[in-house]
Amino acid sequence: MSVSATLGVAAAQVESVPGDVDANLRKHVDAVLAARAAGVDVLLFPELSLTGHGGGADALRLAMRVDDPRVAAVARAAGPMCTTFGIVEEARGAQFYNAAVTVRDGAVVQVHRKVNLATYGKLDDGRHFGAGSRIAGFALDARWRACVLICADTWNPALVHIAALQGCTLLLAAVSSAVEAVGDGFDNPAGWELNLNFHALTYGLPIVMANRVGREGGLTFWGGSCVLDAHGRVVAAAADAGETLVLARIDFADVRRARYRLPTMRDANLPLVLRELVRLHDAAGWRQEEREDERVDESGRRGDA
């Protein structure tokens with residue numbers, strides 16, 4: 001990819017067929033070819049897009065390694081277009097992850113493993129997946145650097161903060177969000193609007209968010225895929241909860257202006273943050289040791305009695 005002041009980005013808002021990787025692969029290739037025809041540089045699919053939202057429960061059948069031929073098929077179709085899509089990854093030692101694979105020029109560029117496993121409401125990531133342990137960006141060209149987060153990852157501000165401090169200038173949020181996922185009283189579409197606007201505005205960080213559509217396992221996926229610019233403004237969004245490509249162009253000049261006017265990263269005071277995190281970590285360690293000592297003492301007192 002040549003150095004560019006503007007970037008063509010797209011969110012592939014698709015409905016995954018639960019458990020049917022081959023059908024989903026065909027849908028991925030069709031979307032990839034349509035995006036390339038539209039001049040897209042970066043294409044994002046939703047979380048677990050090759051398996052469906054409930055892929056973790058069928059991990060033994062659906063999991064694939066990153067060198068799987070189906071991953072390679074998407075990479076070949078994508079050509080020079082940077083493309084990110086979701087799989088159940090089987091890693092070394094038969095460990096399973098909710099992962100987003102990024103491909104370009106026929107090869108795997110990066111794999112992000114979901115860090116914040118959503119295990120609340122009607123979500124049960126923690127039953128099926130190991131947690132990722134790293135936030136890492138990758139270069140698109142000399143100006144643009146992307147970072148992938150998966151769904152609940154973006155609800156941990158610390159993870160977005162890390163991505164921004166690493167020099168990320170484009171956030172790719174792969175999402176599988178259902179209206180009923182968290183529970184009554186929690187408005188998922190409105191929550192996502194607030195979440196994305198906050199991060200884009202605070203960090204001068206353009207965001208592509210791809211959410212799936214359709215129904216699966218009693219959950220209704222509402223779509224809402226969109227692109228925000230570096231000022232937190234929605235510049236493109238899905239018109240409804242149908243399958244579509246959400247297309248936009250983002251401008252690096254907007255990133256420069258936004259970060260100059262609101263210097264969040266310049267003023268992040270990393271030494272203070274690191275010092276306080278170490279202090280909190282140490283304090284948590286002491287509390288855990290104290291709880292263990294209390295259990296031992298209590299057990300001893302019961303034994304003496």
Side-chain angles (χ1 to χ4, degrees), residues 9-16 44-49 52-54 84 86 98 100 112 114-126 135 147-164 168 170-248 250 254-255 258 262 264:
V9 299
Q13 180 169 288
V14 296
E15 177 178 358
S16 297
L44 176 67
F45 284 89
E47 175 184 12
L48 294 173
S49 55
H53 177 82
T84 301
N98 179 338
H112 172 70
K114 189 174 184 179
V115 176
N116 264 31
L117 296 178
T119 311
Y120 47 79
K122 296 184 178 181
L123 307 172
D124 58 0
D125 280 350
I135 303 298
C147 185
V148 178
L149 295 179
I150 299 175
C151 209
D153 287 344
T154 69
W155 289 85
N156 184 340
L159 302 186
V160 182
H161 193 71
I162 290 168
C168 172
L170 174 64
L171 182 64
L172 302 175
V175 173
S176 182
S177 174
V179 173
E180 309 91 346
V182 178
D184 294 341
F186 189 90
D187 187 337
N188 243 356
W192 272 102
E193 180 181 3
L194 179 64
N195 177 289
L196 296 171
N197 176 266
F198 167 78
H199 289 310
L201 179 64
T202 299
Y203 292 103
L205 181 60
I207 300 176
V208 180
M209 187 275 264
N211 186 25
R212 63 158 292 178
V213 292
R215 288 187 57 81
E216 181 182 335
L219 297 174
T220 308
F221 297 90
W222 52 276
S225 302
C226 60
V227 179
L228 290 83
D229 68 11
H231 300 281
R233 299 174 298 211
V234 175
V235 295
D240 53 37
E243 293 189 300
T244 188
L245 274 179
V246 178
L247 303 165
I250 54 175
D254 287 337
V255 177
L262 188 64
T264 302

Distance in Å, Arg215 CZ paired with His53 NE2, rounded so as to fall on 0.5 Å steps: 12.0 Å

Residue pairs involving residues 203-214 (criterion side-chain hydrogen bond (donor to acceptor under 3.5 Å, both in side chains); sequence neighbours excluded): His161-Tyr203, Arg212-Glu216

Ala163 to Cys168 - nearest heavy-atom pair and separation: O-CB, 3.0 Å

Nearest-0.5 Å distance, CD of residue Glu47 to CZ of residue Phe221: 9.0 Å

Rounded distance (nearest 0.5 Å) linking atom OG1 of Thr119 with atom CG of Asp124: 7.0 Å

Residue pair Phe45, Val14: steps toward the side chain to side chain contact (heavy atoms under 4.5 Å, CB included) verdict: CA-CA 8 Å; Phe45 284 89; Val14 296; 4.3 Å; yes

Heavy-atom pair with the smallest gap, counting every atom of Ala210 and Ala11: CB-CB, 3.9 Å

Over 12 foreign heavy atoms within 6.0 Å of CD, Glu243: yes

Backbone of Ser177 reached by a side-chain donor or acceptor of Trp222 within 3.5 Å: yes

Student check: side-chain heavy atoms of Val160 and Leu205 closer than 4.5 Å: yes

Carboxylate-amine/guanidinium proximity below 4.0 Å for Lys114 and Asp125: yes

Asn195 side chain to Thr154 backbone, donor-acceptor under 3.5 Å: yes

Heavy-atom side-chain proximity of Leu44 to Val208 below 4.5 angstrom: yes

Side-chain donor or acceptor of Asp229 paired with backbone N/O of Arg233 under 3.5 Å: yes

Which atom of Leu247 lies closest to which atom of Ala236, heavy atoms considered: O-CB, 3.3 Å

Close side-chain approach of Leu149 and Leu172, heavy atoms under 4.5 Å: no

Sub-4.5 Å side-chain heavy-atom contact between Trp192 and Cys151: yes

Residue pair Val246 / Cys226: nearest heavy atoms and the distance that separates them: CG1-CA, 4.3 Å

Flag side-chain contact, heavy atom, 4.5 Å: Leu48 against Ser176: no

Validation row: Leu171, Pro206 side chains within 4.5 angstrom (heavy atoms): no

Minimum side-chain heavy-atom gap His231-Leu262 below 4.5 Å: no

Heavy-atom closest pair, residues Asn188 and Ala178: ND2-O, 2.6 Å

Considering all heavy atoms, the nearest Ala152-Tyr120 contact: CB-OH, 3.9 Å

Worked check of side chain to side chain contact (heavy atoms under 4.5 Å, CB included) between Ile135 and Cys147: CA-CA 8 Å; Ile135 303 298; Cys147 185; 3.7 Å; yes

Whether Ser49 side chain and Gly86 backbone form a donor-acceptor pair below 3.5 Å: yes

Interatomic spacing from CD in Gln13 to OG1 in Thr244 - rounded to 0.5 Å: 7.0 Å

Worked verdict on Val115 versus Asn156 for side chain to side chain contact (heavy atoms under 4.5 Å, CB included): CA-CA 10 Å; Val115 176; Asn156 184 340; 6.0 Å; no

Sub-4.5 Å side-chain heavy-atom contact between Asp153 and His112: yes

